[in-house]
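For reference, the structure is listed below as structure tokens.
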Amino acid sequence: MDAPTVIFWLFAALMIGSAVVVVHGKNLVHSAFALLATFFSVAVFYALLGADFLAGAQVLIYVGGIVTLLVFGVMLTNRIYNVNLRTGTFQVLPAALVSLGVFVTLFLVVRRTPWREVSLIEEGPTTGRIGQSLMTDYVLAFEIASVLLLVALLGAAMLVRRRSDL
């Protein structure tokens, strides 16, 4: 077995185990750290597939940003630290039926889709090519996305302003 295969199976086991801890964990902080391991495992999969930009974005956005914010939010909020998040109702049968329906649909789509093999144009880091495409071919979409993010940031700032500041 070669090294990428060993790394794949190692991180696949880590991802499945940490995802189980996220879903079934009783401590919110432990679940947040398990979520961090899950996101990091997904980033390793992106790196193994040669998608270095997605791997970096996964680490920066999800591992670095969201999970850190979640962990600090949970640790700094004393009121919800010992909250029991479990509910008394379980919807096992409807959840199993919906899951089965989604699985059957995905299976049929995968089986009936005429997949074709596409050879890579050039191998190597993709970050430079993506950046060049964003600044040349997709500059309008990039600018629209940046304006939307700016509007969302201004909206969030307006929402958290105190009433006395108005």
Side-chain angles (χ1 to χ4, degrees), residues 1-111 113 115 120 123-131 134 142 145-146 148-160:
M1 201 180 308
D2 57 341
T5 305
V6 171
I7 292 171
F8 171 80
W9 286 111
L10 181 73
F11 278 95
L14 176 67
M15 185 176 74
I16 291 172
S18 60
V20 168
V21 171
V22 169
V23 172
H24 293 291
K26 292 183 179 181
N27 189 334
L28 202 53
V29 175
H30 293 164
S31 294
F33 280 112
L35 185 64
L36 182 121
T38 305
F39 286 154
F40 187 75
S41 298
V42 172
V44 169
F45 290 148
Y46 286 143
L48 286 175
L49 290 172
D52 55 344
F53 179 77
L54 283 178
Q58 176 80 15
V59 169
L60 285 176
I61 295 170
Y62 289 105
V63 176
I66 293 175
V67 173
T68 303
L69 181 67
L70 181 65
V71 167
F72 276 105
V74 167
M75 292 174 77
L76 295 176
T77 308
N78 293 329
R79 291 184 303 179
I80 66 167
Y81 187 73
N82 290 324
V83 170
N84 186 9
L85 296 176
R86 299 210 179 260
T87 62
T89 59
F90 292 101
Q91 306 284 336
V92 176
L93 184 62
L97 289 175
V98 169
S99 298
L100 183 65
V102 169
F103 177 76
V104 168
T105 303
L106 287 176
F107 181 77
L108 290 176
V109 166
V110 168
R111 294 285 298 177
T113 301
W115 299 102
L120 294 176
E123 293 185 18
T126 58
T127 308
R129 287 182 283 167
I130 290 173
L134 283 177
F142 183 73
S146 64
L148 285 175
L149 287 173
L150 178 64
V151 169
L153 183 65
L154 291 174
M158 290 296 292
L159 286 175
V160 298

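Just so it is clear, the structure is predicted and the values come from calculations on it, not from any experiment.
Contacts of I130 classified as side chain to side chain contact (heavy atoms under 4.5 Å, CB included), with partners at least two apart in sequence or in another chain: F53, T126, L134. Considering only residues two or more places apart in sequence or on other chains, L97 meets the side chain to side chain contact (heavy atoms under 4.5 Å, CB included) condition with L93.
How far CG of L148 is from CG of L153: 12.5 Å, rounded to the nearest 0.5 Å. Here the CG atom belonging to L154 is positioned 11.0 Å from the CG atom belonging to L149, to the nearest 0.5 angstrom. Atom NZ of K26 is separated from atom OG of S31 by 11.5 Å, given to the nearest 0.5 angstrom. The CG atom of L10 lies 8.5 Å from the OG atom of S41; values are rounded to the nearest 0.5 Å.
Of all the heavy atoms in H30 and V21, the pair that sits closest is O-CG1, 4.3 Å. Counting all heavy atoms, side chain and backbone alike, A43 lies closest to V59 at CB-CG2, 3.6 Å. In plain terms, the two heavy atoms of L35 and V22 that are nearest each other are N-CG2, 3.3 Å.
Shown here is F8, whose CZ atom has more than 12 heavy atoms of other residues, nucleotides or ligands within 6.0 Å. Counting non-hydrogen atoms of other residues, nucleotides and ligands closer than 6.0 Å to CZ of F45 gives a total above 12. The number of heavy atoms from other shown groups lying within 6.0 Å of CZ (F40) does not exceed 12.
Residue pairs that meet the side chain to side chain donor-acceptor pair (under 3.5 Å) test with at least one member in residues 2-22, sequence neighbours left out, are D2-T5, S18-T38.
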